[in-house]
Amino acid sequence: EDGTMLVGMPPAPMMEQGGDFFENLAQVIDDSDLGSIYSDCMSDYEDDRSSRKEWEEQYKEGLEFLGMKFEERTEPFEGASGIIHPLLAESVTQFQAQAYKEMLPSGGPVKTQVVGMMSPNTDLQAARVQEFMNYQITQVMKEYDPETDQMLFYLPLSGSAFRKVHFDQTLDRPVSRFIPSEKMVVPYGASSLDSATRITHVIDMSINDVKKLQLSGFYKKSDISYRSSPSYTADGVNEEIDELQGVKPSGDSGSDECEILEMHIDLDIPGFEDVDAEGIETGIKLPYIVTLLPKQSTILSIRRNYNQNDPLRKRIDYFVHYKFLPGVGFYGFGLTHMIGGLSRGATSILRQLIDAGTLSNLPAGFKARGIRIRDDDVPIQPGEFRDMDAPGGSLREALMPLPFKEPSGTLLNLLGMLVDAGRRFASIGDMQIGDGNQEAPVGTTVALLERGSRVMSAIHKRMHYSQRVEFNLLARVFRDSPIKAYPYMIANGQQQLMATDFDDRIDIIPVSDPNIFSSTQRIAQAQAALQMAQAAPQLHDLYEAYKRMYEALRIPNIEEILKEPEEAPRL
C-alpha cells in the first residue's frame, strides 16, 4: 500500500533453519555479523575485566604475605631481615588439610538418596548410581583428585574457586575441571553465577590443540601460525603466582600457546532470532557459547546453550562457584582479605624484632676522624680484637656507638596478640586432646569443639552445598553422554540400566556431613552415642553404636572384628 517492495526471502524461524541444532553457527553466519559479534563480546569482556581491577590488586597484595619467598631488603640497612610471618600460610595449610580429608574420602565423595517413596527397585537404582559416580570420580576421572586438592589450597587464598563440569570431546568422557578465580570473569552487577548475564572463562590452550579441534570440526578453521601467537602475557595476579613459584617465562615461552575466551552470553544473532508460535520475532536474546581467539581477532565457534525442546530457552549451567566466605559481591572473601592485615602487621613486627637483635649484637656508631683501625672496612668477627691507634690514648672518647636497644618485649607481646587474633579467626588453634579435662563428659567436649570451630563449620557447609551442585551437574552430563551402559558387571547383570538410572528419582549428595568438618568432631559424637548406649542398653542397639564408633575411627573391614547382632551377646 505504501509502494515498498520486499526483495529476497525473510529469515526463516530459528527452529526451522534445517541445520543441525548442535552445529557451529560460526560456520554459517555472515562474516560481517561475526565481526560485529566479536567486537561486542570483546568490549563486554574488557569492561568486566576492568570492573574487578581493585579485587585483583587486593588479592595480589595478599599473596605477597604467603611467605613462599624471601625478600632481599636494603632498608633500613643492608641485609635487613626480609622474613615473612607464616600466619597466613599456616592458616591456609591447616584448612586445606582438614577440607581435603573430608571432601574426598577414600571410598568416593558421592552418596545417593531416593526422592519420594522408596521401593526395592529405587534402592537398587540409588546404589548403582552411587557406585558408578564414585567409580568415575576415583578411577576414570584422573584429574579430579589432584585438581580438588589444588582447589582447596587455592580457595582460602582467593576466597573463590570454580569447577567446570562438561563432556570433554578430546578425552571422550565427562570431566570436572578446577578454574582459578582470575580465569573467571563476570559483569560488575552479577551477584551469582545464576544472575550473571555473561560468564567468560579464560582458557590457556596450546595452538596444537586448537588445530586438532579445528580439524575435527569443533572449531571454525582459521590461519593460526606459531609465530603469530602471543609471546607470554600475564596480569598482576599471574605474575605474582609465578614469582611465588620461582618461575618466569623464557624468550620463546608461549610461542605454542594462546589465550581463548569462552563466553557464555545471551545474543540476538541475525538469522537465528527467537520467534513465537506465529513466526514473529520476539526480540529476546538466546543463550550461546561463543569461543573467541583474541590474538587472531576471530571467533572459533558459536553454539546454542539450551536444550532443543526447552520452550523457555534456559541457559545450561556448566560452572560451580565455591566460596570461602560469602563476601559482599560476586567474589568471595579469603584469608588474604580477612587476616591479610594481621599478617602484614605480624610480618612488620617480626622484622623489627630481628633487626633490633641484629643491630644490638653487631653495633655501629661514630669514630673520631684521626683514629686508625686496622682493616676498618672488614666487619669484626666474634671474639676478635684488632689493633688501633687512638689520639691522646683515650679509646672511650674516640668511639661513640649508636644507642641501639635490645628487641622490645612490648613488641613481642604485640606480635603474640596479632598472631592469636589471626589464629582465632582462622580456627586453627584447635584444642588438643591433652589440653582439656580428661574427666569431663564427652558431651561437654563435643560442645567445646563445636564452639571453637563455628567459622570452619560454616565454611564447610558452604562447600558442601557447592559440591552437591557439582555432583548434580556431573550426573546430568552422565545422563546426556554417549555412555549408555555400565562399564562393569552389576548385581542383576543388566548393564543397560544406566540409560534410565540417572533420572529425577535419585538425589545426588556429597558423603561429607555439612555440620562436621573434622574427624575429631565425628569421633567425639560417636563416643558420646556409645556411652549413652552403654548406660541404657535396653533402649539402644549396641551393635549399631559400636559400628558407628568404628566408622568414625575409619577402621577398614569392621565386619571382621565386630560380630553380627545374632552372635553378639546382649546385655
Check: So, do Phe333 and Phe324 have ring centers that fall under 6.0 Å from each other?
Finding: no
Next item on the list: May I ask you to check whether Tyr288 and His264 place their ring centres under 6.0 Å from each other?
Entry: no
Margin query: Could you work out, with side-chain contact (heavy atoms from CB on, under 4.5 Å) as the rule, every residue matching Gln214, not counting sequence neighbours?
Written below: Val210, Lys211, Tyr219, Lys221, Ser222, Ile224, Leu300
Next item on the list: Would you please name every residue forming a salt bridge (charged side-chain N to carboxylate O under 4.0 Å, His left out) with Glu551, sequence neighbours left out?
Entry: none
Notebook entry, point to check: Is NZ or CZ of Arg548 both nearer than 6.0 Å to the six-membered ring centre of Tyr543 and within 45° of the ring axis?
Noted result: no
Margin query: Going by the rule salt bridge (charged side-chain N to carboxylate O under 4.0 Å, His left out), which residues pair with Glu131 if we only count those two or more places apart in sequence or in a different chain?
Written below: none
Item checked: Check: Asn307 side chain, Asp310 main-chain N or O, donor-acceptor pair, under 3.5 Å -> no
Notebook entry, point to check: Under 6.0 Å between the ring centres of Tyr465 and Tyr322?
Noted result: no
Item checked: Of all pairs that satisfy side-chain hydrogen bond (donor to acceptor under 3.5 Å, both in side chains), the ones with a partner from residues 194-204, not counting sequence neighbours -> Asp48-Arg198, Lys183-Asp204, Ser191-Ser195, Ser192-Ser195
Margin query: Less than 6.0 angstrom from the centroid, inside 45 degrees of the normal: does Arg128 satisfy that with respect to the ring of Tyr488?
Written below: no
Checklist line | All salt bridge (charged side-chain N to carboxylate O under 4.0 Å, His left out) counterparts of Asp145, not counting sequence neighbours | finding: none
Notebook entry, point to check: What do the steps show when you test Tyr486 against Phe132 for ring pair (Phe, Tyr, Trp, His ring centres under 6.0 Å), and what is the final call?
Noted result: CA-CA 8 Å; Tyr486 290 109; Phe132 176 74; 5.5 Å; yes
Margin query: Before you tell me yes or no, could you show the steps for Phe21 and Tyr306 under ring pair (Phe, Tyr, Trp, His ring centres under 6.0 Å), namely the whole-Å CA-CA distance, both residues' side-chain angles and the distance that decides it to 0.1 Å?
Written below: CA-CA 10 Å; Phe21 180 81; Tyr306 54 90; 5.5 Å; yes
Check: So, Phe162 versus His321, ring centres under 6.0 angstrom or not?
Finding: yes
Checklist line | Expected output: side-chain Glu147 to main-chain Phe178 donor-acceptor under 3.5 Å | finding: yes
Item checked: Results of salt bridge (charged side-chain N to carboxylate O under 4.0 Å, His left out) for Arg303 - residues two or more places apart only -> none
Checklist line | Residue pair Ser160 / Ser181, side-chain donor-acceptor N/O under 3.5 Å | finding: no
